[in-house]
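Take a look at the structure set out below.
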Amino acid sequence: MQSDNGEPDRAAHPGIFLTNEAGKSDHQPAGRCVDFPVSVVLPAGGTGERTGLQTPKQFCSFLGRPLISYTIQAFERVSWIQSVVVVVAKENTDLMIDIIQRFQHGKVRVVAGGSTRHRSICNGVLALGEEGEDEGRSAAADRPKVVIIHDAVRPFVEEDFLYKIAMAAKEQGAAGAIRPLVSTVIATTSEGYLDHSLERAKYRASEMPQGFTYDVICQAYQRCSESDFEFGTECLHLALQYCGTNAKLVEGPPTLWKVTYKRDLAAAESIVKESLSRSACVITGASTGAVTLADALQKAVGALDMELDVIPDLTGDNARYLLKEWNFIQLSVGYSCLSEVEAINVMLESESKAVGVLRLFLWVHLSSTDEPSVSGRAAEPAAIMDLASAAKLRNILLYGIQLHQSKRWERSALRVAEIASALIRDRSPALVGQLLQA
Ligand SMILES: Nc1ccn([C@@H]2O[C@H](COP(=O)(O)OP(=O)(O)OP(=O)(O)O)[C@@H](O)[C@H]2O)c(=O)n1
Ligand SMILES: O=P(O)(O)OC[C@@H](O)[C@@H](O)[C@@H](O)CO
């Protein structure tokens with residue numbers, strides 16, 4: 001087992017095991033077959049000193065979700081990955097278990113980390129070797145053929161690239177992601193002067209994910225030195241040095257970057273917001289006016305790089321939007337009925353826990369000319385605000401747009417599209433519950 005100071009005992013493995021079967025992905029890889037078991041180790045046992053924040057960066061939240069949850073989600077959606085081991089500092093074990101339960105992550109185990117990244121990764125790999133014992137199966141039966149190692153603070157990893165790394169690791173014994181160097185690497189003298197510079201074209205930045213056959217990475221950690229454990233940063237080097245395994249290098253996309261500094265958290269949030277803002281589901285209630293407005297809206301958002309799916313309601317087959325869409329726009333034309341808004345909100349709340357990220361619900365009320373003005377319905381803004389305050393506690397950002405039918409459909413639709421696109425992109429908590437006038 002692990003020694004008291006978190007150092008890996010190579011004869012056993014430490015760890016607290018939590019396997020949550022909920023949320024298993026049925027995502028089928030597009031036209032590819034991985035016919036060998038693959039497991040993942042996510043080292044998340046660091047303190048994130050370089051961010052300057054008290055909270056370790058892997059637990060910093062944006063849009064209502066901790067960074068590590070985005071990374072885990074990226075892996076649990078891949079059907080050919082059998083299990084994920086998250087390696088966290090002992091003091092963060094309860095926090096990690098809470099995140100797994102709160103965001104209903106599946107196929108995840110939590111293992112205690114070590115004082116360095118290599119020690120943490122080693123603990124994770126050793127834990128994989130013991131999988132299945134809890135359920136009375138032999139450890140060997142559940143042992144993966146390939147182990148993918150990926151820093152928990154690299155949330156933007158795609159299945160296509162994971163597939164390339166897993167297949168290359170199975171063939172070669174080891175494989176790793178690389179990226180072109182952005183800056184030239186130079187060597188310095190002990191006095192702090194330039195000694196020489198490296199020819200940048202001959203070098204690459206080593207990124208994650210990396211993949212290894214289970215035997216190679218196990219053997220590498222069994223044979224490596226204490227100095228490797230203390231000061232090393234490169235698993236590929238251990239495979240070469242201690243197993244004679246020359247990793248296959250695979251150039252990866254720019255999205256593989258590691259969150260290291262505080263600015264990287266802002267960059268990560270902006271990327272997530274951008275990815276959440278590309279689509280919305282428009283609910284018309286099948287009213288003629290709303291369908292007409294929705295058609296005009298669909299034309300208007302084209303220029304805003306957004307796609308809209310227009311549906312009458314969220315029942316039957318349309319219920320699938322509750323699990324896969326982040327943004328919902330409900331159109332009420334003429335008679336405004338807050339009970340419709342409340343009904344949609346209840347449906348969104350019922351799924352928001354599983355989805356885990358701040359979802360956006362925009363109510364658009366196009367009032368007809370013969371309806372009393374907003375001042376004649378003073379209760380409406382207050383009612384929206386009350387509903388929004390309650391919804392926010394369940395990760396739903398509720399906003400309203402009020403506009404009058406006196407304008408032509410196209411003009412109304414353009415105004416709604418502009419405001420909706422801004423609200424969806426910014427997801428600002430400050431505007432929650434506001435009934436904006438278009
Ligand atoms: N003892 C450690 C140290 C690091 N890591 C993990 O290794 C990954 C990459 O390391 P790095 O970016 O250096 O993270 P930190 O060590 O937390 O950052 P810093 O060096 O700024 O403290 C991170 O997911 C980090 O949590 C780990 O599992 N165990
Ligand atoms: O060195 P750090 O602990 O900041 O991060 C680890 C990185 O070195 C590592 O993720 C890649 O270089 C690939 O090995």
Side-chain angles (χ1 to χ4, degrees), residues 2-3 5-8 14-15 40-60 66-72 74-75 84-93 95-96 99 109-127 147-157 161 165 169 174-182 185 203-212 217 220-221 224 228-241 247 249-252 255-265 267-268:
Q2 192 172 37
S3 55
N5 62 357
E7 307 320 302
V40 176
V41 172
L42 297 180
T47 56
E49 275 174 40
R50 285 171 285 180
T51 63
L53 300 173
Q54 286 303 311
T55 304
K57 56 192 176 184
Q58 58 272 35
F59 300 118
C60 288
L67 174 58
I68 193 166
S69 182
Y70 289 97
T71 310
I72 293 172
F75 285 93
V84 177
V85 169
V86 184
V87 189
V88 299
K90 271 186 182 170
E91 63 269 23
N92 293 324
T93 302
L95 171 59
M96 191 63 241
I99 290 170
R109 291 170 178 261
V110 181
V111 167
S115 59
T116 66
R117 177 171 172 269
H118 268 323
R119 290 190 167 112
S120 292
I121 295 171
C122 181
N123 285 351
V125 172
L126 292 174
V147 180
I148 290 176
I149 299 170
H150 186 75
D151 294 330
V153 292
R154 296 173 188 259
F156 307 112
V157 60
F161 192 70
I165 290 292
I178 55 171
R179 287 285 305 158
L181 285 175
V182 173
V185 178
Y203 295 86
R204 294 290 182 273
S206 173
E207 305 292 351
M208 305 298 266
Q210 294 177 347
F212 304 83
I217 192 65
Y221 277 126
C224 74
D228 288 312
F229 271 123
E230 193 60 29
F231 304 109
T233 62
E234 186 48 81
C235 302
L236 301 180
H237 164 73
L238 302 182
L240 179 58
Q241 176 98 358
L249 302 178
V250 185
E251 181 150 341
T255 49
L256 292 179
W257 54 283
K258 177 165 69 76
V259 171
T260 302
Y261 301 101
K262 189 176 180 185
R263 66 170 183 266
D264 295 325
L265 283 164

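When a ligand or atom number is given, it counts from 1 through the structure's own listing order.
- Cys235 does not count as a contact of ligand 2, since none of its heavy atoms falls under 4.0 Å from the ligand.
- Relative to atom 7 (C) of ligand 2, the option among Arg154, Met208, Glu234, Glu207 with the closest non-hydrogen atom is Arg154.
- Of all atoms in ligand 2, numbered sequentially from 1 with element shown, those under 4.0 Å from a heavy atom of Gln210 are 13 (C), 14 (O).
- The aromatic rings of His118 and Tyr221 sit perpendicular, their planes meeting at an angle over 60°, well past the 30° parallel limit.
- When only non-hydrogen protein atoms are considered, atom 24 (O) of ligand 1 lies nearest to Pro43 O, 2.8 Å.
- Residues Gln241 and Glu234 bring no donor and acceptor atom of their side chains to less than 3.5 Å of each other.
- For the residues Arg117, His150, Arg50, the heavy atom positioned nearest atom 9 (C) of ligand 2 is part of Arg117.
- Note: Leu249 CG to Gln210 CD = 9.0 Å, rounded to the nearest 0.5 Å.
- Asp151 OD1, 3.5 Å is the protein heavy atom nearest to atom 8 (C) of ligand 1.
- Closest to atom 13 (O) of ligand 1 among all protein heavy atoms lies Arg50 NH2, 2.7 Å.
- Contact between Ala169 and Ala175 at its shortest, heavy atoms only, is N-CB, 3.7 Å.
- Geometrically, ligand 1 and Thr260 share no nitrogen or oxygen pair separated by less than 3.5 Å.
- The shortest N or O to N or O distance between Thr51 and ligand 1 is not under 3.5 Å.
- Remark: minimum distance from atom 14 (O) of ligand 1 to any protein heavy atom is reached at Lys57 NZ, 3.3 Å.
- Taking every non-hydrogen atom of Glu49 and a distance limit under 4.0 Å, the qualifying atoms of ligand 1 come out as 19 (P), 21 (O), 22 (O).
- Among all non-hydrogen protein atoms, the one lying nearest atom 10 (O) of ligand 1 is Arg117 CD, 4.0 Å.
- Residue Val153 has at least one heavy-atom neighbour below 4.0 Å for each of these atoms of ligand 1: 23 (C), 24 (O).
- A side-chain contact (heavy atoms from CB on, under 4.5 Å) with Val111 is found for one member of Val41, Asn123, Leu126, Val125 and no other, namely Asn123.
- Inclusion of Ala44 in the set of residues having an N or O under 3.5 Å from an N or O of ligand 1 is warranted.
- If you look at Ser120 next to ligand 1, the close heavy atoms, those under 4.0 Å, all belong to the side chain.
- Within ligand 2, counting atoms from 1 as listed, the ones closer than 4.0 Å to a heavy atom of Lys258 are 2 (P), 4 (O), 5 (O).
- Atoms of ligand 1 found under 4.0 Å from any heavy atom of Ala152 (numbered from 1 in listed order, with element): 24 (O).
- Contacts with ligand 1 closer than 4.0 Å are made by no heavy atom of Arg119, backbone or side chain.
- With hydrogens and angles disregarded, a donor-acceptor distance shorter than 3.5 Å links the side chain of Thr71 to the backbone of Ala152.
- The NZ atom of Lys57 lies 8.0 Å from the CG atom of Asp151; values are rounded to the nearest 0.5 Å.
- With distances taken over non-hydrogen atoms, the option nearest atom 10 (O) of ligand 2 out of Leu236, Thr260, Asp151 is Asp151.
- Taking a 4.0 Å cut-off on heavy atoms, Gly48 registers as neighbouring ligand 1.
- The part of Thr116 lying near ligand 1 is the backbone, judged by heavy-atom distances below 4.0 Å.
- Taking 4.0 Å as the cut-off, Ser115 counts as a neighbour of ligand 1 on heavy-atom distance.
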